[in-house]
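Read through the structure below, which is laid out as structure tokens, and then see the notes.
The figures here come from the full heavy-atom set of this structure, side chains too, leaving out hydrogens, waters and symmetry mates. Just so you know, ligand 1 is whichever comes first in the structure, and atom 1 is the first atom listed for that ligand.
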Amino acid sequence: MRTQYYTATSIDGFIADDRNSLDWLLQFGDGSGGTYDRFIAEVGALVMGSTTYKWLLDQEVYADPERPKPWFYEQPTWVFSSRPRRPVPGADIRFVEGDVGAVHAAMRQAAGERNIWIVGGGDLAGQFHDRGLLDEVILGVAPVALGGGAPLLPRRIAQPPLTLTSATVDGPFALLRYEVAHP
Ligand SMILES: NC(=O)c1ccc[n+]([C@@H]2O[C@H](COP(=O)([O-])OP(=O)(O)OC[C@H]3O[C@@H](n4cnc5c(N)ncnc54)[C@H](OP(=O)(O)O)[C@@H]3O)[C@@H](O)[C@H]2O)c1
């Protein structure tokens, strides 16, 4: 069981642009060559911050308010927010706030042998790293620069550095995998 931060990013380190848009990413469609499908099959629990959750609601679930789409993750999902958030009927979504440590323990229990996916954003992934709970960073680096937006991982992680374990071409993306040291 590993705790993984898997995200697409621009080459200048942003996971959304300064309008919280992913148009720069969606232009590539599902061009990841099956990487995502293999990844999600090993995921037992997900966690995300409220901006990411709101994006999924606005752009996917309620994109057409007349015809809401079902929540597409079968795994239990934890959403961090300091405010009440709109639930999705029938979805296993748990709203939490504060320290990520206790939530991680609950996620571990739910995930069993499978992995925990930190969907984003970057600071939330950083909170897991701060607690020594982040094992792996997996980046699909899109061939774009954004000049600003939501940061990929706003932390100083330099000594020890991350360990690059894999670098492959994945359609238009560079797929980079890094292990996080646990001193
Ligand atoms: N490129 C990709 O593949 C990818 C992947 C994921 C996300 N994204 C996008 O990237 C952007 C990320 O947005 P973001 O940087 O704002 O990050 P985010 O993690 O999605 O949301 C941050 C918000 O989550 C809440 N939060 C975080 N930690 C918390 C804690 N410990 N306790 C309580 N609440 C907490 C806070 O909001 P409140 O307390 O005010 O609710 C905080 O402002 C989104 O636009 C998303 O769509 C892109």
Problem set entry | Charged tip of R86 within 45° of Y62 ring normal and under 6.0 Å | yes
Seminar exercise, completed: Contacts of T51 meeting side chain to side chain contact (heavy atoms under 4.5 Å, CB included) (sequence neighbours excluded), chain-then-number -> N20
Problem set entry | For S82, side chain to side chain contact (heavy atoms under 4.5 Å, CB included) partners two or more places apart | E97
Between ligand 1 and the protein, give all atom pairs where both partners are nitrogen or oxygen and the distance is under 3.5 Å, as lines of names plus distance to 0.1 Å.
residue  : atom   : partner : partner atom : Å
ligand 1 : 1 (N)  : A8      : O            : 2.9
ligand 1 : 1 (N)  : I15     : O            : 2.9
ligand 1 : 3 (O)  : T7      : OG1          : 3.2
ligand 1 : 3 (O)  : A8      : N            : 3.2
ligand 1 : 16 (O) : T51     : OG1          : 2.8
ligand 1 : 19 (O) : G121    : N            : 2.7
ligand 1 : 20 (O) : T52     : N            : 2.8
ligand 1 : 20 (O) : T52     : OG1          : 2.6
ligand 1 : 20 (O) : G121    : N            : 3.4
ligand 1 : 21 (O) : T51     : N            : 3.2
ligand 1 : 21 (O) : T51     : OG1          : 3.0
ligand 1 : 24 (O) : S50     : N            : 3.1
ligand 1 : 24 (O) : S50     : OG           : 3.3
ligand 1 : 28 (N) : Q127    : NE2          : 3.0
ligand 1 : 31 (N) : G98     : O            : 2.9
ligand 1 : 31 (N) : Q127    : OE1          : 2.9
ligand 1 : 32 (N) : G98     : N            : 3.0
ligand 1 : 34 (N) : S81     : N            : 3.4
ligand 1 : 37 (O) : S50     : OG           : 3.0
ligand 1 : 39 (O) : S82     : N            : 2.8
ligand 1 : 39 (O) : S82     : OG           : 2.5
ligand 1 : 40 (O) : R83     : NE           : 3.4
ligand 1 : 40 (O) : R83     : NH2          : 2.8
ligand 1 : 41 (O) : S50     : OG           : 2.7
ligand 1 : 41 (O) : S81     : OG           : 2.5
ligand 1 : 41 (O) : R85     : NH2          : 2.9
ligand 1 : 45 (O) : N20     : OD1          : 2.7

Exercise. To the nearest 0.5 Å, how far apart are CD in Q75 and CD in E42?
Worked result: 10.5 Å
Exercise. Do D123 and Q127 have side-chain atoms, one donor and one acceptor, less than 3.5 Å apart?
Worked result: yes
For this session: Could you name each residue pair satisfying ring pair (Phe, Tyr, Trp, His ring centres under 6.0 Å) that touches residues 76-98, not counting sequence neighbours?
Result: Y53-F95
